[in-house]
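These notes concern the structure reproduced below.
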Amino acid sequence: MHAAFLGLGALGRAIAGRLIDTGVELTVWNRTPGKAEGLTARTADSPVVAASVPDVIFLCLADSTAVHSLLHEQGLLKACEGKLIIDTTTNHYQNVLDFHRDVQAAGGRYLECPVAGSVVPASKGELTLLTGGRDDDLETARPYLERIGRKIHHFPKPGDASRMKLVNNLALGSIMAALAESLAVGEAAGLDRAVVLDVLADGGGESLVLRAKKQKLLDRDWSPHFKTATIHKDLTYLLELAAESDLTLGVGEAVRARYAAAIEKGLGEMDFAGVGEAG
Ligand SMILES: NC(=O)c1ccc[n+]([C@@H]2O[C@H](COP(=O)([O-])OP(=O)(O)OC[C@H]3O[C@@H](n4cnc5c(N)ncnc54)[C@H](OP(=O)(O)O)[C@@H]3O)[C@@H](O)[C@H]2O)c1
């Protein structure tokens, strides 16, 4: 099995590493050179060169602006005839419809594949995958997807997987912000940080999010697995989705404002678990 992998940020590098560990030959490209260091993969100078040989092309990019740039400005669209693009980027729910349309018009195939889970689950093949698009494209992708994820939720209608991913991240971002605030008020009230975390883990804070972030919260380790800027992007897309249905999300707006405040203080590149540091 041979695939191209474009985008070696925190998540992309973890997924690429897992594919390599499970026997997939990879040709990789990243906008900023050097991010492939340590991966047993061929490196390419451009997305088009990376995509020239394999029939499967993974994308894992910051946002839909980056995906659009690769397809339209960096030539990927012209190089995707007969190939399947598996896009693990968390995209805007409207832009992703354009990606389905444009890739198909160019003679390629496009599978939405936003993921739930972060760097650690990706490196163990334990992501949850939300796929969107044609059934036969899912079947082509399945041998790759089964290496990186343990559960696949398939949404045949283009755009639904991305909508679902954004809905999931409203819960994710809100729970993280609530945990950070619980910790802050607990410490301010004189309680020990480790004790607060232990009791939250046995009580109302018990969650996948706390299980994933407890040690980072304890150590104040804000090295990025999932950046504050990235959850802010997802919540921005999500609030636009809500506005389309004339829904005002009080919690969602407040939580996005918390992450926006952290970005304003220069903390956008830290892990979103550190949102409490913004005060
Ligand atoms: N990290 C997670 O836990 C996680 C979990 C679920 C979903 N996601 C989603 O997965 C995607 C990647 O997340 P991440 O955490 O890996 O982000 P990241 O660490 O910020 O990496 C972003 C990647 O996108 C590339 N990029 C940005 N703008 C670009 C452009 N205009 N042209 C080409 N490449 C561009 C970056 O290249 P440079 O290295 O040159 O900057 C980098 O490879 C995002 O859509 C995110 O929402 C992440």
Side-chain angles (χ1 to χ4, degrees), residues 4-18 26 28-37 39 41 43-51 57-77 85-93 95-96 99 112-124 126-131 148-149 151 153 161-173 176 208-209 212-213 216 222-238 256 259 263 267-274:
F5 203 104
L6 314 180
L8 299 171
L11 182 68
R13 206 187 142 92
I15 296 177
R18 173 69 186 174
L26 282 191
V28 300
W29 171 85
N30 191 69
R31 176 181 63 177
T32 307
K35 296 260 181 95
E37 214 167 287
L39 288 178
T43 53
D45 289 342
S46 73
V48 170
V49 170
I57 304 162
F58 275 88
L59 304 184
C60 190
L61 299 168
D63 54 21
S64 294
T65 305
V67 175
H68 185 276
S69 165
L70 246 68
L71 290 173
H72 291 273
E73 287 143 36
Q74 300 181 59
L76 188 59
L77 210 49
I85 293 178
I86 302 174
D87 188 0
T88 63
T89 308
T90 300
N91 276 303
H92 191 282
Y93 59 96
N95 297 144
V96 82
F99 303 152
E112 274 170 90
C113 189
V115 312
S118 190
V119 169
V120 174
S123 64
K124 295 180 184 166
E126 294 177 354
L127 292 170
T128 296
L129 308 171
L130 311 181
T131 55
I148 62 172
K151 192 155 192 184
H153 294 273
S162 295
R163 288 186 176 84
M164 185 63 235
K165 168 64 190 170
L166 297 174
V167 167
N168 182 68
N169 276 18
L170 172 59
L172 173 72
M176 188 67 258
L208 181 150
V209 183
K213 298 295 181 185
K216 283 175 94 63
W222 313 132
S223 57
H225 287 185
F226 185 55
K227 291 176 188 169
T228 299
T230 308
I231 189 69
H232 181 265
K233 174 261 300 185
D234 293 350
L235 291 172
T236 300
Y237 290 174
L238 179 278
R256 181 177 61 162
Y259 292 110
I263 292 169
L267 304 176
E269 296 298 299
M270 74 176 182
D271 196 273
F272 79 138

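Fair warning: this is a prediction, and the values are worked out from it, not measured in the lab. Nothing fancy with the numbering, it's 1 onward along the sequence. Order of appearance sets the numbers: ligands from 1, and atoms from 1 within every ligand.
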Starting from [atom], which protein heavy atom do you reach first, and at what distance in Å?
| atom | answer |
| --- | --- |
| atom 4 (C) of ligand 1 | F226 CD1, 3.5 Å |
| atom 40 (O) of ligand 1 | T32 OG1, 2.4 Å |
| atom 11 (C) of ligand 1 | L61 O, 3.2 Å |
| atom 13 (O) of ligand 1 | L11 CB, 4.1 Å |
| atom 7 (C) of ligand 1 | T90 OG1, 3.6 Å |
| atom 31 (N) of ligand 1 | R31 NH1, 3.5 Å |
| atom 3 (O) of ligand 1 | S118 OG, 2.5 Å |
| atom 33 (C) of ligand 1 | L70 CD1, 3.6 Å |

Which residue in the set [options] passes side-chain contact (heavy atoms from CB on, under 4.5 Å) when paired with [X]?
| X | options | answer |
| --- | --- | --- |
| Y259 | T228, T230, D234, L267 | T228 |
| I231 | T236, L170, N169 | N169 |
| W29 | D45, V48, L70 | L70 |

Answer yes or no: is there a donor N or O on one side and an acceptor on the other, between the side chain of [X] and the main chain of [Y], under 3.5 Å?
| X | Y | value |
| --- | --- | --- |
| R163 | Y93 | no |
| T89 | L61 | yes |
| S64 | H92 | yes |

- request: Verify side chain to side chain contact (heavy atoms under 4.5 Å, CB included) between H153 and L130, making sure each step is shown before the conclusion.
  value: CA-CA 5 Å; H153 294 273; L130 311 181; 3.8 Å; yes
Is [X] in polar range of ligand 1, meaning some N or O pair under 3.5 Å apart?
| X | value |
| --- | --- |
| D63 | no |
| A10 | yes |
| V119 | no |
| K165 | no |
| G7 | no |
| G9 | yes |
| L8 | yes |
| A62 | yes |
| K227 | yes |

Under 4.0 Å from a heavy atom of [X]: give me the atoms of ligand 1 that qualify, with their elements.
| X | result |
| --- | --- |
| N30 | 37 (O), 38 (P), 39 (O), 40 (O), 42 (C), 43 (O) |
| T230 | 46 (C), 47 (O) |
| T89 | 45 (O) |
| K233 | 44 (C), 45 (O), 46 (C), 47 (O) |
| G117 | 5 (C), 6 (C) |
| K35 | 38 (P), 39 (O) |
| V115 | 6 (C), 7 (C) |
| Q74 | 32 (N) |

What I'd like to find out is whether the side chain of [X] reaches to under 4.5 Å of the side chain of [Y], using heavy atoms alone.
| X | Y | answer |
| --- | --- | --- |
| L11 | I15 | yes |
| I263 | H232 | yes |
| T88 | L127 | no |

- request: Any chance you could lay out the side chain to side chain contact (heavy atoms under 4.5 Å, CB included) test for T128 and N168, step after step, and finish with the verdict?
  value: CA-CA 11 Å; T128 296; N168 182 68; over 6 Å; no
Could you tell me which non-hydrogen atom of [X] sits nearest to which non-hydrogen atom of [Y], and how far apart they are?
| X | Y | result |
| --- | --- | --- |
| T131 | C113 | CG2-SG, 3.9 Å |
| D271 | S223 | CB-O, 3.5 Å |
| L166 | Y237 | CD1-CB, 3.7 Å |

message: Heavy-atom pairs closer than 4.0 Å: do any link ligand 1 to the side chain of H225, the backbone, both, or neither?
response: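 For H225, the contact with ligand 1 is made by the backbone alone.
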query: Applying a strict 4.0 Å limit to heavy atoms, is R13 in contact with ligand 1?
result: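 No.
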query: Between F272 and F226, how do the two ring planes meet: parallel, tilted or perpendicular, split at 30° and 60°?
result: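 Rings of F272 and F226: perpendicular, over 60°.
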